[in-house]
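See structure below.
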Amino acid sequence: VQLQASGGGLVQAGDELRLSCAASSGQTFGRQTVAWFRQAPGKEQEFVAAFWRGGSNTYYADSVKGRFTISGNNAKNTVYLLMNSLRPEDTAVYYCAADPSIILSSVRMSRSYRYWGQGTQVTVSS
């Protein structure tokens, strides 16, 4: 699966932004697990949210719980990350990733994902 991440931009604190992770033309995610990770300058990549096996469950990092929502469309070819109440500390490059073989215990581990998008920059000004 080839992934295309989009939707990043420059916003102010408190604003909303929606990221999209699209499977390449003609492909769908099916029952793959799709996740978002982010990496801020000088920091390690961290887990943000996951859409588990086609949406049977969702998982969030504590830092975004209650502010971010991960969802998918009915065609299962796009997964979204709706980010509300953005904070300057949310500034990072956001990457989407997918894999058909994620087990629950590894859903937050970036090394578990086989397919990656190119990243989209999110900058939140104070």
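Numbers for residues simply follow the sequence, beginning at 1. No hydrogens, no waters, no symmetry mates; every other heavy atom, side chains included, goes into these values.
- Linking Ile, Leu, Val, Met, Phe, Trp and Tyr residues whenever their side-chain heavy atoms come within less than 4.5 Å places Trp36 and Tyr115 in a single cluster.
- Within the model, atoms CD of Gln27 and OG of Ser24 stand 3.0 Å from one another, a figure rounded to the nearest 0.5 Å.
- Asn77 places no side-chain N or O within 3.5 Å of a backbone atom of Ala23 that could act as its donor or acceptor partner.
- The side-chain heavy atoms of Val107 and Tyr113, taken from C-beta on, include a pair separated by under 4.5 Å.
- Rounded to the nearest 0.5 angstrom, Leu17 CG and Asn84 CG are separated by 10.0 Å.
- Taking 4.5 Å as the limit, some side-chain heavy atom of Leu104 sits within range of a side-chain heavy atom of Trp52.
- No single ILVMFWY cluster, assembled from side-chain heavy atoms under 4.5 Å apart, contains both Tyr95 and Val1.
- Under the 4.5 Å side-chain heavy-atom criterion for grouping Ile, Leu, Val, Met, Phe, Trp and Tyr, Leu19 is connected to Val64 within one hydrophobic cluster.
- In the hydrophobic clustering of this structure, Phe68 groups with Phe51; members are Ile, Leu, Val, Met, Phe, Trp, Tyr whose side-chain heavy atoms approach within less than 4.5 Å, directly or through other members.
- Counting only distance, with no hydrogens or angles, the side chain of Arg67 and the backbone of Ser85 share a donor-acceptor pair below 3.5 Å.
- Applying the salt bridge (Lys or Arg N to Asp or Glu O under 4.0 Å) rule to pairs touching residues 1-13 yields nothing, sequence neighbours excluded.
- Qualifying side chain to side chain donor-acceptor pair (under 3.5 Å) partners for Lys65, counting only residues two or more places apart in sequence or in other chains: Asp62.
- Note: the hydrophobic cluster containing Ile70 also contains Phe29 (ILVMFWY, side chain heavy atoms under 4.5 Å, direct or indirect links).
- Two residues are said to be in side-chain contact when any heavy atoms from C-beta on lie closer than 4.5 Å; Pro100 and Arg114 meet this criterion.
- Pairing each heavy atom of Tyr94 with each of Val48, the nearest pair is CE2-CG2, 4.2 Å.
- Within the structure, disulfide bond (SG atoms under 2.5 Å apart) pairs that include any residue of residues 88-126 comprise Cys21-Cys96 (at least two apart or interchain).
- For Ser110, the side-chain contact (heavy atoms from CB on, under 4.5 Å) partners at least two apart in sequence or on another chain are Phe37, Gln45, Trp116.
- Across all non-hydrogen atoms, the minimal contact from Ala98 to Val34 is CB-CG2, 4.2 Å.
- Nearest approach of Thr33 to Ala50, heavy atoms of both residues: CG2-CB, 4.5 Å.
- Applying the salt bridge (Lys or Arg N to Asp or Glu O under 4.0 Å) test to pairs two or more places apart or on separate chains, those with a residue in residues 10-38 are Arg38-Glu46, Arg38-Asp90.
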N/O donor-acceptor pairs under 3.5 Å from side chains in residues 117-126, not counting sequence neighbours:
unit_1	atom_1	unit_2	atom_2	d
Gln118	OE1	Ala5	N	3.2
Gln118	NE2	Ala5	O	2.7
Thr120	OG1	Gly8	N	3.0
Gln121	NE2	Ala92	O	3.4
Gln121	NE2	Thr123	OG1	3.3
Ser125	OG	Val11	O	3.3

